**Student:** 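My questions all concern the structure below.
Letters go in sequence order (proteins before strands), and every chain restarts at 1. The model shown is predicted, which means the values in this text are computed figures rather than measured ones.
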Amino acid sequence: MQRTLIKDLHAAVGREVAVQGWVKAIRDQKRVQFLILRDPTGLAQATVERSPEKAVLNDRIAVLTRESAVTVSGTVVANPIVKTGGIEISIRDLTVDGPADRLLPIDVSGVQEPNPEIRLNWRFLDLRRPENLLVFQVQTVIEHAMREYWLQEGFVEIHSPKLMGSASESGAEVFTVEYFDRPAYLAQSPQFYKQMAMAAGFERVFEIGPAFRADPSFTPRHATEFTSVDMEMSWIDSHEDVMAFEERWLQYALERLRDRLGTQIHDTFDVDVVVPAVPFPRLPMADALKILARRGHTPERAGDLDPAGERLLSEYVAQELHHQFVFVTDYPAAGRAFYHMRHEHEPALTKGYDLLWNGIEVTTGAQREHRYNVLVAQAEEKGLSLEPIQFYLDFFKYGCPPHGGFGFGLSRMLMVLLARPNIREVTFVYRGPTRLFP
RNA sequence: GGGGGCGUGGUGUAGCCUGGUUCAACACACCUGCCUGUCACGCAGGAGACCGCGGGUUCAAAUCCCGUCGCUCCCGCCA
């Protein structure tokens, strides 16, 4: 018999169905046995009376365990008393397809919240909780909407190599791996390769893929492996074009998300998906620091925001400008990558920006320096050795258009969007400095 | 890498400050029995932890001290 999803049971009253899912609860009473079944679409009650004719079935249910994977067949019956939708399945037969051990290592029912370490150890069980499934349904809708928007705008999807012969970023720590008889490095970002696509004349590209950072960062928003959402576009006038693209792109993705899953997100996480108005507020770094100073906060490092500063600035933007997002622009060159373009009349400042969303940095973007000589000079100024990145510098020697782009943290977005406390529970399988399993 | 917090049955917690007859408790899960429809089912009973690990102080340590490991948060780094 074809499987019926739990969400469709209400349309099958009076019919024989087969439901497949997990046993959430068993209430085995003297006269009647009740099962609460869970599949990805919802919960349903299944019932059978104890009787001599049903002895085999009754006995099977008597030894059934929670979280076993089962197939239940029976007739859908309307019964207004039943809390799971006013319908239940009168069980004709039950097959245990995958039995579960009696003692579960963590509570899947949601009554208790095991500590984070144990939840990650038993991630596949933790993920059975409906709210965790929703996180990844949200991720799916967002990624899909982002791709839709890019396709409408003529972008080409690329997949850049994750094994590299030299480090892709100046500062960030890099993982070294054995590559036959020599070392290789895991890509810290697709930066060099999306710029290569600009030199190749692709004009507009995007990539959603893994990035690796060997930073021993112990915060709720860092991972050693994460999914980076990247794009790069040619023939721009300035980083303003990149920001103008990003805000419309995010607006589109969030609008699609609100329409598709807004109600479910509200019911599950008690947060409303807000479709942001464009343009997003823009604040040059110098102004941002003045605002923070007025609010009594001065970051330790000159010319940059610390995490507390990012939170306070977002608070200011929410209160005064009524927006969840803010572009912080015109970062000092000292703190930015060598390939960020500088302002013509203010070479100490870059055409680089960060995007803050409710106090968390979700994007770094910039117009890139595409003039070979200027780029080399900036690399030398940062003390970089040119030889390992010569292949990259060569991109700019044979006719590369002006261009810019950004990198966007997918899990950070989910974390902020769904108001989750850390990146680990919105990452399918988290990787951190001390976490390589499961 | 620097600083703070935490580590008690399968899970979540109490006890720790003010060491010793509430020092191993409570809830969930599990086991046995009972229960005419439950829906966080209920009721009765039961099993399960040498209190992260090592050392020290003391007549006596889950409790105080030191070390160590793990987790977590803040800072640094960033997506």
**Student:** For A:Gln33, does its backbone N or O pair with a side-chain atom of A:Arg50 as donor and acceptor, under 3.5 Å?
**Tutor:**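 Checking the backbone N and O of A:Gln33 against the side chain of A:Arg50, no donor-acceptor pair under 3.5 Å is found.
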
**Student:** Any side-chain N or O of A:Thr363 less than 4.0 Å from the OP1 or OP2 oxygen of B:A79?
**Tutor:**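 It does not, given that no N or O in the side chain of A:Thr363 lies less than 4.0 Å from OP1 or OP2 of B:A79.
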
**Student:** Does B:U38 have OP1 or OP2 under 4.0 Å away from a side-chain N or O of A:Gln29?
**Tutor:**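 So the side chain of A:Gln29 is outside the cut-off, no N or O lying under 4.0 Å from OP1 or OP2 of B:U38.
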
**Student:** Distance check: side-chain N/O of A:Thr434 vs OP1/OP2 of B:C71, anything under 4.0 Å?
**Tutor:**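 Affirmative; the distance criterion is met.
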
**Student:** Do you know which of A:His370, A:Arg368, A:Arg336 makes side-chain contact (heavy atoms from CB on, under 4.5 Å) with A:Met341?
**Tutor:** A:His370

**Student:** Within the pair A:Arg435 and B:U72, is there a side-chain N or O less than 4.0 Å away from OP1 or OP2?
**Tutor:**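 It does not, given that no N or O in the side chain of A:Arg435 lies less than 4.0 Å from OP1 or OP2 of B:U72.
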
**Student:** If you check the A:Ile81 side chain, which of B:C34, B:C39, B:A40 turns out closest?
**Tutor:** B:C39

**Student:** Between B:A79, B:U72, B:C77, which nucleotide gets closest to the side-chain atoms of A:Phe226?
**Tutor:**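 Closest nucleotide among those given: B:A79.
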
**Student:** With a 4.0 Å limit, can you tell me whether A:Asn115 has a side-chain N or O closer than that to the phosphate oxygens OP1/OP2 of B:U11?
**Tutor:**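 So the side-chain polar atoms of A:Asn115 never come under 4.0 Å of the phosphate oxygens OP1 or OP2 of B:U11.
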
**Student:** How about CG on A:Asp97, more than 12 heavy atoms from neighbouring residues, nucleotides or ligands closer than 6.0 Å, or not?
**Tutor:**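 Atom CG in A:Asp97 is crowded, with more than 12 foreign heavy atoms closer than 6.0 Å.
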
**Student:** Using a cut-off of less than 4.0 Å, is there contact between a side-chain N or O of A:Lys83 and OP1 or OP2 of B:C39?
**Tutor:**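 No, A:Lys83 has no side-chain N/O under 4.0 Å of OP1/OP2 on B:C39.
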
**Student:** So what does A:Glu117 touch, heavy atoms closer than 4.0 Å: a base, only the sugar-phosphate, or nothing?
**Tutor:**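 Sugar-phosphate: the residue A:Glu117, judged by heavy atoms under 4.0 Å, touches backbone atoms but no base.
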
**Student:** Evaluate the ring planes of A:Phe155 and A:Trp150, with Trp represented by its six-membered ring, and classify them as parallel (under 30°), tilted (30 to 60°) or perpendicular (over 60°).
**Tutor:**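 Tilted, since the angle between the ring planes falls between 30° and 60°.
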
**Student:** Using a heavy-atom distance cut-off of less than 4.0 Å, which residues of residues 123-141 of chain A contact RNA chain B?
**Tutor:**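 Hits under 4.0 Å, by residue number: none.
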
**Student:** Can a donor-acceptor pair under 3.5 Å be found between the side-chain atoms of A:Arg66 and the base atoms of B:C30?
**Tutor:** no

**Student:** A:Arg431 near the nucleic acid: base, sugar-phosphate alone, or nothing, with a heavy-atom cut-off under 4.0 Å?
**Tutor:**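 A:Arg431: no heavy atom of the nucleic acid under 4.0 Å.
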
**Student:** Quiz question: by atom type and distance under 3.5 Å, do the side chains of A:Gln367 and A:Ser238 form a donor-acceptor pair?
**Tutor:**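 No, A:Ser238 and A:Gln367 have no side-chain donor paired with an acceptor closer than 3.5 Å.
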
**Student:** Mapping A:Thr65 and A:Leu104 onto RNA chain B by nearest heavy atom, which one lands closer to the 5' end?
**Tutor:**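 Between the two, 5'-proximity favours A:Leu104.
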
**Student:** Among B:C74, B:C34, B:A79, which nucleotide sits nearest the side chain of A:Lys30?
**Tutor:**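 Closest nucleotide among those given: B:C34.
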
**Student:** So that I can compare with my own list, what are the stems of RNA chain B, taken as at least three consecutive Watson-Crick or G-U pairs with distances under 3.5 Å?
**Tutor:** B:1-7 with B:69-75, B:10-13 with B:25-28, B:30-34 with B:42-46, B:52-56 with B:64-68

**Student:** Without decimals, in angstroms, what is the distance between A:Lys194 NZ and B:A79 C1'?
**Tutor:**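 Between C1' of B:A79 and NZ of A:Lys194: 11 Å.
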
**Student:** With a non-hydrogen cut-off below 4.0 angstrom, is A:Ala223 in contact with a base, only sugar-phosphate, or nothing?
**Tutor:** base

**Student:** To the side chain of A:Pro116, which of B:C77, B:A40, B:U72 is closest?
**Tutor:** B:U72

**Student:** Surrounding CE of A:Met146 (heavy atoms of other residues, nucleotides or ligands, distance under 6.0 Å), is the total greater than 12?
**Tutor:**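 For A:Met146, atom CE is crowded (more than 12 foreign heavy atoms under 6.0 Å).
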
**Student:** Test A:Tyr353 against every option in A:Val326, A:Thr363, A:Thr364, A:Val328 by the side-chain contact (heavy atoms from CB on, under 4.5 Å) rule and name the one that passes.
**Tutor:**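 With A:Tyr353 as partner, A:Val326, A:Thr363, A:Thr364, A:Val328 yield a single side-chain contact (heavy atoms from CB on, under 4.5 Å), made by A:Thr363.
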
**Student:** Just by modelled atom types, is the A:Pro190 backbone N or O under 3.5 Å from a matching donor or acceptor in the A:Asp230 side chain?
**Tutor:** no

**Student:** A:Arg31 side chain: which of B:G37, B:C75, B:U36 is closest?
**Tutor:** B:U36

**Student:** With rounding to whole Å, what would you report as the distance between B:U13 and B:C31 at their P atoms?
**Tutor:** 24 Å

**Student:** For A:Pro216, which contact category applies under a 4.0 Å heavy-atom criterion: base, sugar-phosphate, or nothing?
**Tutor:**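 Touches a base.
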
**Student:** Counting any heavy atom closer than 4.0 Å, what does A:Gln33 reach on the DNA or RNA strands: base, sugar-phosphate only, or nothing?
**Tutor:**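 If one applies the 4.0 Å heavy-atom cut-off, A:Gln33 turns out to touch nothing in the nucleic acid.
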
**Student:** So, does A:Arg3 use its side chain to make a donor-acceptor pair with the main chain of A:Gln20 at under 3.5 Å?
**Tutor:**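 Yes; judged by distance alone, with no hydrogens or angles, the pair exists.
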
**Student:** Tell me which of A:Asp107 and A:Asp28 sits closer to the 5' end of RNA chain B, going by the nucleotide each one is nearest to.
**Tutor:**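 The residue closer to the strand's 5' end, by nearest nucleotide, is A:Asp107.
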
**Student:** Does A:Glu88 get its side chain close enough to the base of B:G37, under 3.5 Å, for a donor-acceptor pair?
**Tutor:**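 Such a pair exists between side chain and base.
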
**Student:** Could you check which of B:C28, B:C30, B:C35 has an atom nearest any side-chain atom of A:Gln112?
**Tutor:**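 Of the options given, the side chain of A:Gln112 lies nearest B:C28.
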
**Student:** Give one of base, sugar-phosphate or nothing for A:Val362, where a contact means two heavy atoms less than 4.0 Å apart.
**Tutor:**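 Result for A:Val362 = sugar-phosphate.
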
**Student:** Could you give the CG-to-P distance, from A:Asp215 to B:A79, as a whole number of Å?
**Tutor:** 10 Å

**Student:** What about A:Ser217: does its side chain form a donor-acceptor pair under 3.5 Å with the base of B:C78?
**Tutor:** no

**Student:** Does a side-chain N or O of A:Arg102 approach OP1 or OP2 of B:U11 to a distance below 4.0 Å, or not?
**Tutor:**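 Result: no.
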
**Student:** On a whole-Å scale, what distance lies between the P atoms belonging to B:C43 and B:G48?
**Tutor:**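 Each nucleotide's P atom is 23 Å from the other's.
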
**Student:** Taking atom C1' in both B:A14 and B:C73, what distance in whole Å separates the two?
**Tutor:** 23 Å

**Student:** May I ask you to verify if any side-chain N or O of A:Arg424 is less than 4.0 angstrom from the OP1 or OP2 atom of B:U72?
**Tutor:**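 Yes, because at least one side-chain N or O of A:Arg424 sits under 4.0 Å from OP1 or OP2 of B:U72.
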
**Student:** For the side chain of A:Pro114, starting at C-beta, report the closest nucleotide among B:C78, B:G12, B:C73.
**Tutor:**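 Of the candidates, B:G12 comes closest.
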
**Student:** Quick check for you: among B:C73, B:U11, B:G76, whose closest atom lies nearest to any side-chain atom of A:Ile118?
**Tutor:**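 When the side chain of A:Ile118 is considered, B:U11 is the closest of B:C73, B:U11, B:G76.
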
**Student:** With a 3.5 Å cut-off and no angle check, do the side chains of A:Thr41 and A:Asp39 form a donor-acceptor pair?
**Tutor:**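 Short answer, yes.
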
**Student:** Check the side chains of A:His343 and A:Asp330 for a donor-acceptor pair under 3.5 angstrom, ignoring hydrogens and angles.
**Tutor:**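 A pair is found: one side chain offers a donor N or O, the other an acceptor, under 3.5 Å apart.
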
**Student:** Please measure how far the P atom in B:A24 lies from the corresponding atom in B:G3, and state the result in whole Å.
**Tutor:**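 Per the computed distance, 38 Å lies between those P atoms.
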
**Student:** Checking all strands, does A:Val229 fall into the base, sugar-phosphate, or nothing category for heavy-atom contacts under 4.0 angstrom?
**Tutor:** nothing

**Student:** Can a donor-acceptor pair be found, under 3.5 Å and without considering hydrogens, that links the side chain of A:Ser73 to the backbone of A:Ala18?
**Tutor:**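 Checking the backbone N and O of A:Ala18 against the side chain of A:Ser73, no donor-acceptor pair under 3.5 Å is found.
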
**Student:** Rounded to the Å, how far apart are A:Leu305 CG and B:C75 P?
**Tutor:** 13 Å

**Student:** Checking side-chain polar atoms at under 3.5 Å, does A:Tyr252 have a donor or acceptor matched by the opposite partner on A:Glu148?
**Tutor:** yes

**Student:** Which whole number of Å gives the distance between the C1' atom of B:G56 and that of B:A49?
**Tutor:** 24 Å

